[in-house]
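A, B, ... follow the sequence lines: proteins, then strands. Residue 1 opens every chain.
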Amino acid sequence: MPQWVKFGCRLRRSRENRGGYILSEDSFDPRAVRLSKLEALRARGVNPYEPTNFKATVLSGEVHDHFAEWDGKLVRMAGRVMAIRTHGRAMFLDLVDQQGKIQCHLREDVVGEAAFELTEFMDLGDILGVEGTVFKTRRGEITVEVRHYQFLSKSLQDLPDKRHGLTNVDLRYRQRYVDLLVNPEVREVFSIRTRTLTFIRRFLAERDFVEMETPVLLPIAGGTEARPFVTHHNALDMTLYLRIALELHLKRLIVGGFDRVYEIGRVFRNEGISTRHNPEFTMLELYQAYTDYQGMMELVESLLSYLVHQIKGSLQFEYQGQRLDFTPPFDRVDMVERLFEKTGVRWESIVSTQDAHRLARDLGVAVDSRFDRTQVMDKITGQVVEPDLVQPTFLWHHPVDISPLAKRDPKALNLAERFELFVAGHELANAFSELNDPLDQRERFLRQQEQRRQGNEEVPPLDEDFLNALEHGMPPTGGLGVGIDRLVMLLTNSSSIRDVILFPTMRPLTPGSTFES
RNA sequence: GGGCCAUUAGCUCAGUUGGUUAGAGCAUCCGCCUUUUAAGCGGAGUGUCGAAGGUUCGAAUCCUUCAUGGCCCA
């Protein structure tokens, strides 16, 4: 049985003692006021932190959706007090649970004088359990006429402004719990995020993919080019790196005989922070044996149109002022041809680093002077070709020299069977026919090592064990990587990756802590 | 890494050309109010103006450095 607020004796305050629970010195310090109220409750035998559970019989959404069924019924509900409107010997509360708001009405003559007295010590943000009957007010609001109520927790901190919510961006990220509490649209973003992941898993399960978990801590972080985070294992006394991709281990599983594998996992790249980059982010990578990049195109078209339809209810939606259409098939653009159309220059004609830098200068593309030919060309493509790809578009046929893990096109050996999917000018997915020729793979790794020796810290060291896996024979395989954060940005119309990551990486306000009061 | 901008009450924000005691709404506190809902009515302003220096008779305001964040570029 719940310990309802109930008292054996009356607690009528004497006139001269009114407000006596407040320390006059600190009467405007919100936390001190709330601590005083907590003490006042405890002094009256009510410890709001004592209850260990509360069995609600219904959630707010259900009562709103099926009022006719609940009208006049006794309900038990729990939630956070988000508004208090006192009305003399009665009061209205907005109680918010996981489904939304339910208004509660407390009347002194119903809850009892002693229990009503304790509402004096109730604040916005407190957690309450209530029991009462459902009715509709004169103004038509579905409301619980509370017979009993119970403090389930007390809030010692003020909530942000009820009209504007919390808009300070820094504080929103640092204190996401407050952001979630007062900004319902933020809860909706993360609800879409979790639903997206559920739908992805459902979609892949229906196609016989199995979800795998590969290591985060690695002696060699490979699978792409990026600077890794470095850490240290004490017992082994060895340097370990946080993974920068899932690729090489999932392909080991393909070698091992799991023909359809995927992982949705956090990867870590030690690079700058921007509206599109967080040092840790979530990737979906999947590998399917006996298919190729064409198979991956069909798969990602189906996956994305399925997700968009599930989340948006339509294949068209608005993102940052642009109308996007995810109806398959998506456009296909040959990367080298499009570069030629845009610049009049063929990729193959740029053979030296000097040529590449000259082209960049001619096109007005700013590049790091230390970049080599492929890095410059990659940058040029990023500036010249990619921003125009607003509707979902496969940019395909990448040069092999920027695709070290992809198969060559048998009809054009310097081009790879690869595509990147662009939406709203940004890369959303990357896929290729996976290179399974261990000798070609070794050669490409060795060529990369040359760059590494020249000081390119983004190139991973040669992974001998991965080559050993390939030498055991990997079936022809299609592989796909999808940036989950960017996908969720699209689905939630977010312009910053930090809006779709619950706790984005932030510099602590004081060394060693993440909070400063 | 570079440029621009921001930082004022618990929250959201004003604050003029450097000028007396730094303001508003919400929240808070006090009083009234038993179907309100941005409840209402009456009263109270709670502050190290991000930090540290500097200029000045005088700084929230001007200068320098630093801190944190945002946007743009790299």
Side-chain angles (χ1 to χ4, degrees), chain A residues 13 15-37 81-96 101-113 116 119-125 132-146 155-175 178-179 181-183 271-277 360 364-371 375 379 382-383 495-499 504-511 513-517:
Chain A
R13 287 166 299 163
R15 278 275 162 194
E16 58 274 21
N17 214 19
R18 286 201 173 194
Y21 59 90
I22 291 166
L23 307 167
S24 58
E25 306 274 322
D26 296 325
S27 62
F28 292 111
D29 173 1
R31 186 163 180 275
V33 169
R34 285 169 179 242
L35 279 171
S36 305
K37 291 181 179 178
V81 177
M82 294 302 280
I84 298 176
R85 295 177 289 278
T86 60
H87 234 284
R89 295 177 174 278
M91 68 195 300
F92 289 95
L93 305 175
D94 288 346
L95 209 60
V96 172
K101 180 187 97 173
I102 185 83
Q103 177 168 269
C104 297
H105 189 226
L106 270 83
R107 297 171 53 121
E108 189 184 57
D109 57 1
V110 173
V111 298
E113 207 170 311
F116 193 78
T119 62
E120 190 78 18
F121 311 119
M122 188 185 292
D123 286 305
L124 296 182
T133 50
V134 175
F135 76 108
K136 201 177 266 188
T137 64
R138 275 205 283 263
R139 299 290 188 85
E141 173 128 4
I142 294 165
T143 304
V144 175
E145 183 61 65
V146 175
S155 166
L156 299 179
Q157 296 283 343
D158 270 7
L159 287 172
D161 190 288
K162 68 179 175 187
R163 289 184 213 172
H164 305 96
L166 185 66
T167 60
N168 182 308
V169 180
D170 184 19
L171 266 185
R172 283 188 46 224
Y173 298 146
R174 287 184 194 280
Q175 299 184 30
V178 178
D179 190 27
L181 269 182
V182 298
N183 297 329
E271 51 199 27
I273 293 176
S274 77
T275 47
R276 288 181 298 281
H277 298 88
V365 175
V367 292
D368 192 316
S369 59
R370 294 165 300 183
F371 277 8
Q375 286 172 310
K379 180 82 190 167
Q383 298 279 305
S495 59
S496 168
I497 196 170
R498 299 182 139 205
D499 289 331
T505 305
M506 305 282 284
R507 195 187 294 274
L509 289 176
T510 53
S513 89
T514 55
F515 181 77
E516 185 181 80
S517 53

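Nucleotides B:rG10 and B:rU17 have their C1' atoms positioned 33 Å apart, rounded to a whole Å. Using P as the reference atom, B:rU48 and B:rC32 are 32 Å apart when rounded to the nearest Å. Separating the C1' atom of B:rC11 from that of B:rA52 is a span of 28 Å, rounded to the nearest Å. B:rA22 and B:rU46 are spaced 10 Å apart, taking the P atom of each and rounding to whole Å. The same atom, C1', is picked in B:rA51 and in B:rU12; the two are 24 Å apart, to the nearest Å. Between the P atoms of B:rU16 and B:rC26, the separation comes to 24 Å (whole Å). When the C1' atom is used for both B:rU64 and B:rG25, the distance is 36 Å, rounded to whole Å. For the P atom pair drawn from B:rA38 and B:rG43, the interatomic distance equals 23 Å after rounding to whole Å.
When the side-chain nitrogen and oxygen atoms of A:Arg138 are compared with OP1 and OP2 of B:rU36, one or more of them lie within a distance under 4.0 Å. Checking the phosphate oxygens (OP1, OP2) of B:rC29, a side-chain nitrogen or oxygen of A:Lys37 falls inside 4.0 Å. The shortest distance between the side-chain N/O atoms of A:Thr137 and the OP1/OP2 oxygens of B:rU36 is not below 4.0 Å. For A:Arg139, no side-chain nitrogen or oxygen approaches OP1 or OP2 of B:rU35 to under 4.0 Å. For the pair A:Thr167 and B:rC13, the criterion of a side-chain N or O lying under 4.0 Å from OP1 or OP2 is met. The phosphate of B:rG69 has OP1 or OP2 within less than 4.0 Å of a side-chain N or O from A:Arg507. For the pair A:Arg85 and B:rU37, the criterion of a side-chain N or O lying under 4.0 Å from OP1 or OP2 is not met.
Checking B:rG10, B:rA74, B:rU68 against the side-chain heavy atoms of A:Ala366 singles out B:rA74 as nearest. Checking B:rU35, B:rC33, B:rU36 against the side-chain heavy atoms of A:Arg107 singles out B:rU35 as nearest. Closest to the A:Thr143 side chain, of the nucleotides B:rU35, B:rC30, B:rU36, is B:rU36.
Pairing for B:rA67 goes to B:rU7, judged as Watson-Crick or G-U wobble with the two contacts each under 3.5 Å. With a 3.5 Å ceiling on both atom-pair distances, B:rA59 lacks any Watson-Crick or G-U wobble partner. Across all strands shown, B:rG47 forms no Watson-Crick or G-U wobble pair with both distances under 3.5 Å. The partner of B:rG40, taking Watson-Crick or G-U wobble pairs whose two distances both stay under 3.5 Å, is B:rC32. Pairing of B:rC13, defined by two Watson-Crick or G-U wobble distances under 3.5 Å, is identified with B:rG23. As the counterpart of B:rG1, B:rC73 is assigned, both hydrogen-bonding distances of the Watson-Crick or G-U wobble pattern falling under 3.5 Å.
Among the atoms of the strands shown, only primed sugar atoms or phosphate atoms (P, OP1, OP2) are found under 4.0 Å from some heavy atom of A:Asn168. Across all strands shown, A:Thr275 has heavy atoms under 4.0 Å from sugar-phosphate atoms exclusively, and none from any base. Residue-level contact check: A:Leu166 touches the backbone only, with heavy atoms under 4.0 Å from sugar-phosphate atoms and none from bases. Note on A:Leu124: only backbone sugar-phosphate atoms sit closer than 4.0 angstrom, heavy atoms only; bases stay farther off.
The CD1-C1' distance, from A:Ile273 to B:rC72, rounds to 17 Å in whole Å. A:Arg498 has its CZ atom 9 Å from the C1' atom of B:rG70, to the nearest Å. B:rC26 atom C1' lies 13 Å from atom CE of A:Met82, rounded to whole Å. The nearest whole Å value for the distance from the CZ atom in A:Phe116 to the C1' atom in B:rC33 is 11 Å. Rounded to whole Å, atom C1' of B:rC26 lies 5 Å from atom CG of A:Asp161. Whole-Å rounding puts the A:His87 NE2 to B:rC33 P distance at 12 Å. The CZ atom of A:Arg31 sits 15 Å away from the P atom of B:rC11 (whole-angstrom rounding). The distance between atom CG of A:Asp94 and atom C1' of B:rA39, rounded to the nearest whole Å, is 11 Å.
Under the rule for a side-chain hydrogen bond (donor to acceptor under 3.5 Å, both in side chains), A:Gln375 has no partner lying at least two apart in sequence or in another chain.
Sequence order on RNA chain B of the closest nucleotides to A:Val169 and A:Arg276 puts A:Val169 first from the 5' end. Across the interface with RNA chain B, nearest-nucleotide mapping of A:Gln103 and A:Leu159 shows A:Leu159 to be the residue nearer the 5′ end.
Not a single donor-acceptor pair under 3.5 Å links the side chain of A:Thr119 to the backbone N or O of A:Met122.
Comment: A:Asp158 engages A:Arg34 in a salt bridge, judged by a side-chain N to carboxylate O separation of less than 4.0 angstrom. With respect to A:Arg89 and A:Asp109, no salt bridge is recorded, no charged nitrogen being found less than 4.0 Å from a carboxylate O.
Using a 30° and 60° split on the angle between ring planes, A:Phe135 and A:His105 fall in the tilted class, from 30° to 60°.
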| query | side-chain hydrogen bond (donor to acceptor under 3.5 Å, both in side chains) between A:Asp499 and A:Tyr173: does it pass, once the steps are laid out? | reply | CA-CA 8 Å; A:Asp499 289 331; A:Tyr173 298 146; 2.8 Å; yes

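Between A:Val178 and A:Leu166, the shortest heavy-atom distance links the atoms CG1-CD2, 3.9 Å. Of all heavy-atom pairs spanning A:Val146 and A:Cys104, the tightest one is CG2-CB, 3.7 Å.
In the interface, the side chain of A:Glu141 is paired with the base of B:rU37 through a donor and an acceptor atom under 3.5 Å apart.
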